[in-house]
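Report on the following structure.
Letters go in sequence order (proteins before strands), and every chain restarts at 1.
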Protein chains: 2
Amino acid sequence: MGRGKIEIKRIENNTNRQVTFCKRRNGLLKKAYELSVLCEAEIALIVFSTRGRVYEYSNNNIKATIDRYKKATAETSNACTTQELNAQHEMILAETENLQKREILLEQENAFLRSKIAENERLQELSMMPAAGGQEYSAIQQYLARNMLQLNMMEGQGVSSYDPLPPPHHDKKSLELQ
Amino acid sequence: MGRGKIEIKRIENNTNRQVTFCKRRNGLLKKAYELSVLCEAEIALIVFSTRGRVYEYSNNNIKATIDRYKKATAETSNACTTQELNAQHEMILAETENLQKREILLEQENAFLRSKIAENERLQELSMMPAAGGQEYSAIQQYLARNMLQLNMMEGQGVSSYDPLPPPHHDKKSLELQ
DNA sequence: GAGGCTATCTATAACCT
DNA sequence: TAGGTTATAGATAGCCT
């Protein structure tokens with residue numbers, strides 16, 4: 001609607017873009033007004049220019065309309081809203097998953113260590129038995145040797161080393177929203 | 001812009017109003033889209049019909065745009081935005097802290113278990129020494145006895161039991177936002 | 001840059017199916 | 001009631017000041 005048809009894509013010429021923004025913004029606000037009057041619609045329209053100036057239209061209290069909108073969308077299942085907030089929430093969920101995985105690994109490691117200790121305790125009891133000696137004692141040594149071997153194998157798999165997991169992202173800043 | 005000029009005032013005829021609402025609403029959304037593309041403007045447009053249905057347009061995240069608007073108008077730093085999202089985000093932060101605490105406890109427990117095992121390994125080496133016997137052997141038994149005592153004490157403090165920590169809230173649902 | 005002009009393009013009111 | 005058509009009102013691109 002003008003002297004020539006234009007493609008709907010960013011206007012590269014700075015001045016033209018500025019002028020068109022001014023004209024079309026006014027047109028949009030007018031249309032919003034007309035719709036609200038003709039059809040008794042409740043409208044909230046917010047426009048930011050590239051330079052960050054705000055323009056708005058509302059036939060009602062704009063914040064009240066925004067609140068009404070939030071209520072209305074909150075009702076329609078929360079999957080949608082989750083999507084809208086995704087960037088930050090993806091990060092949080094990733095962080096949480098990271099922590100959860102780490103917890104599971106630690107627990108596994110823990111359980112393994114505990115089983116080692118339990119086994120050792122049994123050996124200790126055996127070794128403290130007065131009867132321990134001769135063939136019995138050699139059986140204990142076999143047990144202990146196997147014990148150590150298993151432990152070393154586990155360490156080789158990185159389950160029981162002193163730095164078994166990648167460092168978690170505990171950086172609180174990474175969890176600050178917006 | 002039609003077969004006749006119309007006055008901008010509520011359309012009384014119900015059907016006409018409905019039809020005009022549908023047409024003009026689409027027109028408005030299109031104009032909003034075009035403005036956002038042509039001029040790189042950030043736009044949030046919310047329209048409620050008389051019957052309460054919501055229509056919206058945003059070239060960006062609409063809630064982010066609303067938040068930006070609120071910041072721009074209220075100028076009340078970001079405490080405001082955080083407040084708005086608080087209930088859920090508090091929960092997430094609490095969950096994260098919970099996981100982090102749990103992780104630290106698990107790591108502590110782990111370190112303790114590892115020290116136990118290291119000590120046991122030392123004992124095993126001692127016990128496998130051919131010289132082991134007589135007074136030497138009794139020293140090992142003392143070591144082992146002390147070992148078990150310490151372990152039992154730790155267990156008494158709940159650090160080394162088989163359920164040392166409260167169950168974490170792994171429920172994914174509890175992390176869904178809004 | 002802001003405002004005005006006008007040829008031209010778009011949106012849409014009234015009508016039709 | 002929804003969707004398509006068309007004459008016409010309205011919006012605006014390119015210019016000019």
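V54(B) and Y57(A) are not part of a single hydrophobic cluster, where members link through side-chain heavy atoms under 4.5 Å apart.
Summarising the geometry, the separation between CZ on R17(B) and P on dA13(C) is reported as 14 Å, rounded to the nearest angstrom. One atom, NZ of K30(A), and another, C1' of dG10(D), lie 7 Å apart when rounded to the nearest Å. At whole-Å resolution of the value, CD in E7(B) and P in dA14(C) are 12 Å apart. Distance CD1 (I8(B)) to C1' (dA11(D)): 14 Å, rounded to an integer number of Å. Residue R25(B) contributes atom CZ, which lies 15 Å from atom P of dA11(C) at whole-angstrom precision. One atom, CG of L35(B), and another, P of dA13(D), lie 10 Å apart when rounded to the nearest Å. Spacing between atom CD1 of I11(B) and atom C1' of dA14(C) amounts to 12 Å, rounded to whole angstrom units. Counting to the nearest Å, the C1' atom of dG1(C) and the CG atom of N14(A) are 12 Å from each other.
Interatomic distance, N98(A) CG to L99(B) CG, rounded to the nearest 0.5 Å: 10.0 Å.
The base of dG14(D) sits within donor-acceptor range of the side chain of K23(A), with an N or O pair under 3.5 Å. Evaluation of atom-type donor-acceptor distances gives a pair under 3.5 Å for the side chain of R3(B) against the base of dT6(D). Remark: the R24(B) side chain and the dT12(C) base include no donor-acceptor N/O pair separated by less than 3.5 Å.
A salt bridge is defined here as a Lys NZ or Arg NE, NH1 or NH2 lying under 4.0 Å from an Asp or Glu carboxylate O, and E107(B) with R102(A) meets this definition.
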Can you list the steps and then say if T65(A) with E42(A) is a side chain to side chain donor-acceptor pair (under 3.5 Å)? CA-CA 7 Å; T65(A) 303; E42(A) 183 174 338; 2.9 Å; yes
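The residue among T20(B) and I6(A) whose nearest nucleotide of DNA chain C is located toward the 5' end is I6(A). Mapping N26(B) and Q18(A) onto DNA chain C via the closest heavy atom, the residue that lands nearer the 5' end is Q18(A).
Dense packing is recorded around CZ of R10(A), with more than 12 heavy atoms of other residues, nucleotides or ligands lying under 6.0 Å away.
For K31(B) and dA11(D), the shortest distance from a side-chain N or O to OP1 or OP2 is not below 4.0 Å.
As judged by a 4.0 angstrom heavy-atom cut-off over every strand, T15(A) is placed among residues making no nucleic acid contact.
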